[in-house]
Structure formats: C-alpha cells, structure tokens
Amino acid sequence: MNRAYSRCSTNESKQDINRQVRELKAAGAEVIYMEYEHGDAKVKSQQQAMFAESEPGDTIIVLEVSRLARSTQQLCEIIERIREKRLRLVIVGSITLDCREGQADPMSE
C-alpha cells in the first residue's frame, strides 16, 4: 500500500495542507495521514499512526524531507524505522530509499 504523510506547522486557518494532499495523490498515495504540528515536536500522532499501520512492503511518500523530519537525528530514527519495518521511502522528486528486503537497497534512486 502507498501511504503518505503531510504536515503543516500551523493550524488550517494559517496554512493550507491541500496542496500537499493533491501532490501526494498525484504521486500515488492511497492513504494520506495529515496533521498540523510543529516540525520539532517530539510526538507527531499521525506520523506515528502511519508507521504503526504500515506493513512490510508498503511505500511511504512525502513531498519534502522537512515534512517528515526537522533534524538529522529525527531523519536517522525514521530511516531506521523504515529499515526495521521493511518499507520503501519516497521523497518526491528527490530520493527513494528501498528497505523492503531488510536493508537499504544500494540501487535505490
């Protein structure tokens, strides 16, 4: 399944998340987890739900690395989670990290 994550830092009255949703759907997202939460927040409930519901072989799609993580440490933790759960991470227009075989595929785009 293709799951996607979209996040804005401020509430819907100040930022419009719909652009992200449209672009994620165009990238093949079947389920989109949306939340308004500051990037530095330790707990992102929708992001946690997405990872909890993901199954081996699923693809996680985001538009920008900054939507997923705001620090190198957060990104490293997420990459480890991707590897452990045997997922594929697609950052649209940037990189693809395929860990569906349990390790990072050296041929990832």
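Each residue takes its place number in the sequence, starting with 1.
Taking each heavy atom of Tyr33 and Arg3 in turn, the nearest pair found is OH-NH1, 2.8 Å. Residue Leu75 comes nearest to Ala69 through the heavy atom pair N-CB, 3.6 Å, listed as atom of the first residue, atom of the second, then distance. Across Cys99 and Ala104, no two heavy atoms sit closer than the pair SG-CA, 3.8 Å. For the pair Leu24 and Tyr5, the tightest heavy-atom approach, listed with the atom from each and the gap, is CD1-O, 3.8 Å.
Judged purely by atom type and a 3.5 angstrom limit, Asp58 uses its side chain to pair as donor or acceptor with the backbone of Met1. Without hydrogens or angle criteria, Arg86 side chain to Glu101 main chain gives a donor-acceptor distance under 3.5 Å.
Leu63 places a side-chain heavy atom less than 4.5 Å from the side chain of Arg19. Put simply, the side chain of Ile78 does not reach to within 4.5 Å of the side chain of Ile60, judged on heavy atoms. Annotation: side chain of Gln47 is not in contact with side chain of Arg7 (no heavy-atom distance under 4.5 Å). Between Arg70 and Ser66, the closest side-chain pair of non-hydrogen atoms falls below 4.5 Å. Ser6 has its side chain out of reach of Glu23: every pair of non-hydrogen atoms, C-beta onward, lies at least 4.5 Å apart.
For the side chain to side chain contact (heavy atoms under 4.5 Å, CB included) test with Ile91, the passing option among Leu97, Val62, Ile61, Thr96 is Val62; the others fail.
Lys25 contributes atom NZ, which lies 9.0 Å from atom CG of Asn18 (distance to the nearest 0.5 angstrom). Taken to the nearest 0.5 Å, the CD atom of Glu55 stands 8.0 Å off from the NZ atom of Lys85. Distance CG/Leu68 to CD1/Ile82: 7.0 Å, rounded to 0.5 Å.
Under a 4.0 Å N-O distance rule, the pair Arg83/Glu80 qualifies as a salt bridge.
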Report task. Check step by step if side-chain contact (heavy atoms from CB on, under 4.5 Å) holds for Lys44 and Glu35. Result -> CA-CA 8 Å; Lys44 296 180 185 86; Glu35 71 186 324; 3.1 Å; yes
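Ser71 and Gln73 are not linked by any side-chain donor-acceptor pair at a separation below 3.5 angstrom, with hydrogens and angles left out of the test.
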